[in-house]
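As structure tokens, the structure follows; a few thoughts come after it.
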2 protein chains.
Amino acid sequence: MPATSGQRDGPGAATLKHVAARAGVSPITVSRALNKPAMVSADLRDRVRRAVDELGYVQNRVAGALASAESRVIPVVVPSLSNAVFVETIQGIQEVVQRAGFQLLLGNTEYDLDREHGWIATFLGWSPPGLIVAGTRHQPRTRALLERWGRPVVEIMEVGSRSIDMNVGLSHAAAGAAMARHLLARGHADILFAGCRLDQDYRAGQRFRGFDRALAECGAARRRPLTRDVPSSPALGGDMLVAALRLDPPPRAIFYANDDLAVGAILRAQRDGIAVPDRVAIAGFNGLDISGLVTPGLTTIASPRLAIGRIGAEKLLGAIARDTPGPRRVDVGFELVVRGST
Amino acid sequence: MPATSGQRDGPGAATLKHVAARAGVSPITVSRALNKPAMVSADLRDRVRRAVDELGYVQNRVAGALASAESRVIPVVVPSLSNAVFVETIQGIQEVVQRAGFQLLLGNTEYDLDREHGWIATFLGWSPPGLIVAGTRHQPRTRALLERWGRPVVEIMEVGSRSIDMNVGLSHAAAGAAMARHLLARGHADILFAGCRLDQDYRAGQRFRGFDRALAECGAARRRPLTRDVPSSPALGGDMLVAALRLDPPPRAIFYANDDLAVGAILRAQRDGIAVPDRVAIAGFNGLDISGLVTPGLTTIASPRLAIGRIGAEKLLGAIARDTPGPRRVDVGFELVVRGST
DNA sequence: AGATCCATTGATTGCGCAATCATGATCTCG
DNA sequence: CGAGATCATGATTGCGCAATCAATGGATCT
């Protein structure tokens with residue numbers, strides 16, 4: 001850009017140089033006073049602080065990031081914001097990175113791997129020190145891009161065998177199998193799996209496959225899953241309950257892909273006078289708070305969502321700081337929470 | 001930075017220059033082909049596209065932002081991510097800005113105005129074209145900073161009389177008053193307001209004040225609100241119900257500051273056999289999906305959270321594009337949803 | 001006393017891109 | 001048919017900062 005640029009930030013937005021002049025030091029000293037205060041004497045630090053306050057100086061992070069080839073933003077790419085699971089995970093990430101002075105850049109793929117690639121490519125252009133992405137399934141070009149990139153990447157939510165760099169999550173197949181075994185142990189034969197968009201939400205699909213495989217291993221009856229091609233919601237869970245009971249023969253238990261659906265089913269059962277678990281047992285997945293408050297209490301699998309976010313963020317920050325590497329894969333596990341609904 | 005910098009993005013990360021050399025054009029033509037394709041002939045556009053693909057070029061957005069003094073990120077500052085209200089609002093914002101090719105930079109103040117100032121100052125350093133912040137209450141220095149900044153700012157959630165630039169939300173005092181009038185009209189005298197941290201969540205405080213003033217205007221009995229100094233949750237709503245009924249005399253109706261609490265109260269009432277609304281009526285605020293699914297249905301005030309996010313984002317983008325200004329303040333209103341719990 | 005060190009501070013340079021201005025090529029129209 | 005207009009492309013420059021290297025001064029040691 002030549003002599004005169006368009007509108008810079010406000011008229012006369014102060015720069016390092018102005019602060020330096022005011023404080024009677026060189027610009028680089030101001031830079032150090034702000035970014036690495038330990039390197040500067042207390043006297044100058046104070047003078048700089050004062051000049052900063054007087055001028056209302058706001059650091060230009062864009063320039064800093066360009067000069068150092070690294071910014072203080074952490075991109076987080078998730079498939080959805082309507083799902084409480086991702087929101088809570090983001091919350092865990094946010095807590096940790098915010099405390100370390102990083103900012104969170106958010107991308108929503110809406111379960112579209114093309115869009116995922118787009119976000120990741122865009123985000124790399126911000127020179128972030130690392131990146132967090134939900135899932136271990138990506139397009140080959142996305143994988144290649146991240147591998148070539150060479151900075152830390154954490155894939156969260158499910159554990160996968162072929163992660164790009166670091167990986168924090170749980171085995172959804174194992175969780176599905178655990179629920180199958182629980183329901184069978186309780187004497188509920190003929191179990192129906194019910195969920196939404198299992199192709200997009202492939203982790204729900206993994207839960208189904210783990211569940212189905214466990215049924216097969218136990219020699220139990222298997223059913224085709226009941227699915228809907230709209231997002232999960234409590235109201236839909238209730239509708240799916242009604243639909244399931246109209247099947248011939250009706251299932252004796254329903255394993256919902258998530259607690260939103262399952263809680264809706266419990267509320268609907270209560271309203272319609274459907275006996276749970278006597279007529280039909282109901283189970284969910286996630287361990288939302290509300291699952292323990294409905295009547296009967298919902299049997300579910302608690303997934304440590306906040307922990308996934310926190311641990312993922314901590315591993316990323318550790319790798320950025322080039323700390324002790326630690327394990328590259330963390331399986332945070334899950335917990336079967338048995339309540340009255342089964 | 002002199003000759004050799006530290007680790008730039010990967011070894012041999014391509015830059016505009018490399019792409020330009022490969023495509024046999026000047027760097028600026030590549031820049032235009034990518035950012036303003038209409039300005040470049042189809043022939044060159046194709047050659048550039050091909051060179052970009054072959055080199056795996058990823059635009060450096062930091063450099064672009066520095067050169068043009070404007071980035072494509074929209075900072076959003078909210079007080080909490082544990083509250084579904086802010087999450088849904090963010091979702092609305094995200095939808096809109098994402099479609100327009102902007103990225104969302106997220107800051108969480110945890111209801112702390114010092115922290116709010118910190119985030120906003122930091123975010124201005126990213127040269128964003130505009131900014132969205134929840135609330136119209138800020139520290140004077142924050143106000144001053146944003147006013148001096150001179151780019152579009154949207155304050156969301158509540159409508160306020162003294163907004164910095166643009167403002168989208170609803171009147172929480174009017175909502176509280178509407179609920180007071182509804183409860184009185186239903187014959188529920190002696191109403192208790194129950195909420196958490198009304199000083200921090202000052203919008204809940206505004207609902208209380210509107211409610212209390214309406215009671216006074218109607219000559220109804222007024223009570224000191226029941227409060228707790230922990231975050232809202234359904235379980236807590238149940239506990240507060242029990243606590244409220246132990247008061248002497250017990251209230252005949254409870255207006256909860258939000259649906260999380262109120263839904264928890266309904267579920268607890270059901271479990272403990274407390275008759276709603278006969279022994280005590282229950283009302284909430286927000287209009288969460290689940291409020292319509294519990295038994296009895298929860299009377300609540302639906303706030304258009306997604307719409308607040310969308311409209312806020314649209315107004316911001318409009319101002320950034322210097323479109324028709326439109327009104328600087330939008331009151332999205334609210335809807336009283338009457339169900340069985342009152 | 002001279003040598004050596006560490007702790008502070010400063011001077012120079014370039015990160016990668018887009019804004020501006022300049023230029024040549026093509027078009028329009030009396 | 002030529003002057004001006006329009007379009008596509010290129011050359012130059014600097015955005016604001018931090019990395020590198022250099023210089024200074026005082027403390028410590030032999």
Side-chain angles (χ1 to χ4, degrees), chain A residues 1-10 12-21 23-48 52 55 57-72 122 124-127 129, chain B residues 1-10 12-21 23-48 52 55 57-72 122 124-127 129:
Chain A
M1 178 174 328
T4 110
S5 141
Q7 173 216 4
R8 294 265 145 200
D9 295 352
T15 71
L16 263 195
K17 242 185 237 170
H18 300 123
V19 176
V25 297
S26 74
I28 187 63
T29 299
V30 176
S31 168
R32 286 198 274 248
L34 295 175
N35 299 326
K36 303 172 181 176
M39 282 184 68
V40 173
S41 68
D43 171 43
L44 287 192
R45 216 153 48 208
D46 281 356
R47 269 160 59 197
V48 168
V52 164
L55 294 174
Y57 170 65
V58 173
Q59 277 187 76
N60 184 326
R61 315 219 164 233
V62 177
L66 181 60
S68 66
E70 185 161 304
S71 68
R72 301 281 286 179
T122 298
L124 296 195
W126 283 108
S127 299
Chain B
M1 179 176 327
T4 109
S5 141
Q7 174 216 2
R8 294 264 145 202
D9 295 353
T15 71
L16 264 195
K17 242 184 239 170
H18 300 123
V19 176
V25 297
S26 74
I28 187 63
T29 299
V30 176
S31 168
R32 286 197 273 246
L34 295 174
N35 299 327
K36 301 172 181 174
M39 283 184 68
V40 173
S41 67
D43 170 43
L44 287 192
R45 216 157 43 209
D46 281 355
R47 269 160 59 197
V48 168
V52 164
L55 294 174
Y57 170 66
V58 173
Q59 275 187 78
N60 185 326
R61 316 219 163 232
V62 176
L66 180 61
S68 66
E70 185 161 304
S71 66
R72 301 280 287 179
T122 297
L124 295 195
W126 283 108
S127 301

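Treat the numbers as computed from the prediction; the structure is a model and nothing was measured. Protein chains get the first letters and strands the later ones, always in sequence-line order, with residue 1 at the start of each.
- For the pair A:Tyr57 and D:dG16, the criterion of a side-chain N or O lying under 4.0 Å from OP1 or OP2 is not met.
- Residue B:Ser31 has its side chain nearest to C:dA18 when only C:dC17, D:dC17, C:dA18 are considered.
- Rounding to whole angstrom units, CD of residue A:Gln59 and C1' of D:dG16 are separated by 11 Å.
- Distance CZ (B:Arg45) to C1' (D:dT9): 14 Å, rounded to an integer number of Å.
- Phosphate proximity of C:dG14 to B:Lys17: absent, as no side-chain N or O sits under 4.0 Å from OP1 or OP2.
- One interatomic measurement links the two molecules: CZ of B:Arg72 to C1' of C:dC17, which rounds to 15 Å at whole-angstrom precision.
- Of the side-chain N and O atoms in B:Asn35, one or more sit less than 4.0 angstrom from OP1 or OP2 of C:dA18.
- The main-chain N or O of B:Trp126 is never found under 3.5 Å from a side-chain atom of A:Arg61 such that the two would form a donor-acceptor pair.
- Rounded to an integer number of Å, the gap from CG of A:Leu66 to C1' of C:dC15 is 4 Å.
- Regarding A:Lys36, its NZ atom lies at a distance of 12 Å from the C1' atom of D:dC17, rounded to whole Å.
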Return the polar atom pairs (N/O with N/O) between nucleotides 8-11 of chain C and the protein under 3.5 Å, or none.
from: C:dT9; atom 1: OP1; to: A:Ser41; atom 2: OG; distance (Å): 2.8
from: C:dT9; atom 1: OP2; to: A:Ser41; atom 2: N; distance (Å): 2.9
from: C:dG10; atom 1: OP2; to: A:Ser26; atom 2: N; distance (Å): 3.2
from: C:dG10; atom 1: OP2; to: A:Ser26; atom 2: OG; distance (Å): 3.1
from: C:dG10; atom 1: OP2; to: A:Thr29; atom 2: OG1; distance (Å): 2.3
from: C:dG10; atom 1: N7; to: A:Arg32; atom 2: NH2; distance (Å): 2.7

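- Here C:dG16 presents its P atom at 8 Å from NE2 of B:His18, a figure rounded to the nearest Å.
- Following rounding to the nearest Å, B:Leu16 (CG) and D:dG10 (P) show an atom-to-atom distance of 13 Å.
- Rounding to whole angstrom units, CG of residue A:Leu34 and C1' of D:dA18 are separated by 12 Å.
- For A:Ser68, whose side chain is taken as the heavy atoms from C-beta onward, the closest listed nucleotide among D:dG16, D:dA19, C:dA19 is D:dA19.
- Among residues two or more places apart in sequence or in another chain, the side chain to side chain donor-acceptor pair (under 3.5 Å) test is passed with A:Ser41 by none.
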